[in-house]
Amino acid sequence: MTLKIYKDHHQLSDTAAEEIIELVKQKPDAVICLASGETPRLTCRLLIKKVKEQQVDLSQCTFIGLDEWAGIPPSNEGSCHYFFQHELFEPLQFRSEQIHLFDALSANLEDECLKMDSAIFERGVIDLMIVGIGMNGHIGFNEPGVSFNNYSHVINLDETTVTVGQKYFKGGAVLKQGITLGLKHLQDAKKVLLLANGIKKAEVIKKAVEGVVTNSFPASIMQTHANGWVMADEEAASLLDKRNNYPA
Ligand code: PGA
């Protein structure tokens, strides 16, 4: 694992967007997995700007959505679908064949998991995975206690996720289950960027980077990834004891 510390959210997001651009320039048919949420929103916006300025062709790459709230329709602005549609797919004019998202309204969510896994396996592995970290250490909806060996799966949401998740929904939402890529996908991915900004993420970043590697705190799995980067801004990195031990 590599720790990278940035001045602020903008600098961090700019680097993450540049990682996508560089990958696609080298590998036009790259498989990219992205999270939704507050953290990666700026990465998406900067990516759009860079793609337009540098005229990068994204038409051959495959896009994988990390997770979705079970039972929440794509028209709901708190859904991950809605985020991707508005922050990425429409501005970048992605074709539907390029996109793989979980259908969280499906009557058979297990089948959705199999479909997602097949879509990834058919293309090999994920080249670049960009994720956030939850206030309970989750990645996607890999909640505390999850197996490190799962591929896509349906999971009962942790209390923290249900409470914190209300921030995405005007007027609130009933959140019970999530459908998510598993941590085995993360371990298989060629490169993983975990982004975190703001003082509210300082404690979880400390546990992820300096704590014990345990499924009680899923983001600690980053410590085991040879090409995993934890990218934190100054505030999110502020509680790290060993921050100076890591190369800038
Ligand atoms: P956030 O979500 O980017 O909105 O903070 C992170 C997460 O729960 O994974």
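In this text, all values refer to a predicted model and were calculated from it rather than measured experimentally.
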Working to the nearest 0.5 Å, report the span between [atom1] of [X] and [atom2] of [Y].
X: Ile130; Y: Leu194; atom1: CD1; atom2: CG; result: 10.5 Å
X: Phe141; Y: Asp67; atom1: CZ; atom2: CG; result: 4.5 Å
X: Phe84; Y: Ser79; atom1: CZ; atom2: OG; result: 9.5 Å
X: Met231; Y: Gln11; atom1: CE; atom2: CD; result: 9.5 Å
X: Glu87; Y: Leu92; atom1: CD; atom2: CG; result: 10.5 Å

For [X] and [Y], test the side chains for any donor-to-acceptor distance below 3.5 angstrom and give the result as yes or no.
X: Gln98; Y: Ser59; result: no
X: His100; Y: Thr62; result: no
X: Gln60; Y: Lys27; result: no

For [X], look at atom [atom1] and say whether over 12 heavy atoms of other residues, nucleotides or ligands are found less than 6.0 Å away.
X: Lys49; atom1: NZ; value: no
X: Gln54; atom1: CD; value: yes
X: Lys25; atom1: NZ; value: yes

For a quick test of reading the model, state the closest non-hydrogen atom pair linking [X] to [Y] and the distance between them.
X: Ala196; Y: Leu12; answer: O-CD1, 3.4 Å
X: Ser220; Y: Val212; answer: CB-O, 3.4 Å
X: His9; Y: Thr39; answer: NE2-O, 3.0 Å
X: Asp103; Y: Leu105; answer: OD1-N, 2.9 Å
X: Val131; Y: Ala35; answer: CA-CB, 4.0 Å
X: Leu181; Y: Ser152; answer: CA-OG, 4.0 Å

Please answer whether the main-chain N or O of [Y] pairs with a side-chain N or O of [X] as donor and acceptor at a distance below 3.5 Å.
X: Gln223; Y: Ala208; result: yes
X: Lys201; Y: Ile133; result: yes
X: Ser118; Y: Leu114; result: yes
X: Asp233; Y: Ala236; result: yes
X: Asn227; Y: Lys190; result: yes
X: His225; Y: Lys191; result: no
X: Gln55; Y: Val51; result: no
X: Gln187; Y: Phe148; result: yes
X: Glu68; Y: Cys80; result: yes
X: Glu143; Y: Asp158; result: yes

Hphob cluster co-occupancy, Leu46 + Leu23, side-chain heavy atoms under 4.5 angstrom | no
Cluster link Ile120 to Ile221, ILVMFWY, side chain under 4.5 Å = yes
Is it true that [X] and [Y] make a salt bridge, defined as a side-chain N closer than 4.0 Å to a carboxylate O?
X: Glu235; Y: Lys7; value: no
X: Asp241; Y: Lys206; value: yes
X: Lys50; Y: Asp14; value: yes
X: Glu203; Y: Lys207; value: no

Residue from Val146, Ile139, Asn142 passing side chain to side chain contact (heavy atoms under 4.5 Å, CB included) with Thr180 = Asn142
What ring-ring contact (aromatic ring centres under 6.0 Å, His included) pairs are there with at least one residue in residues 161-219, not counting sequence neighbours?
-> Trp69-Phe169, Tyr151-His185
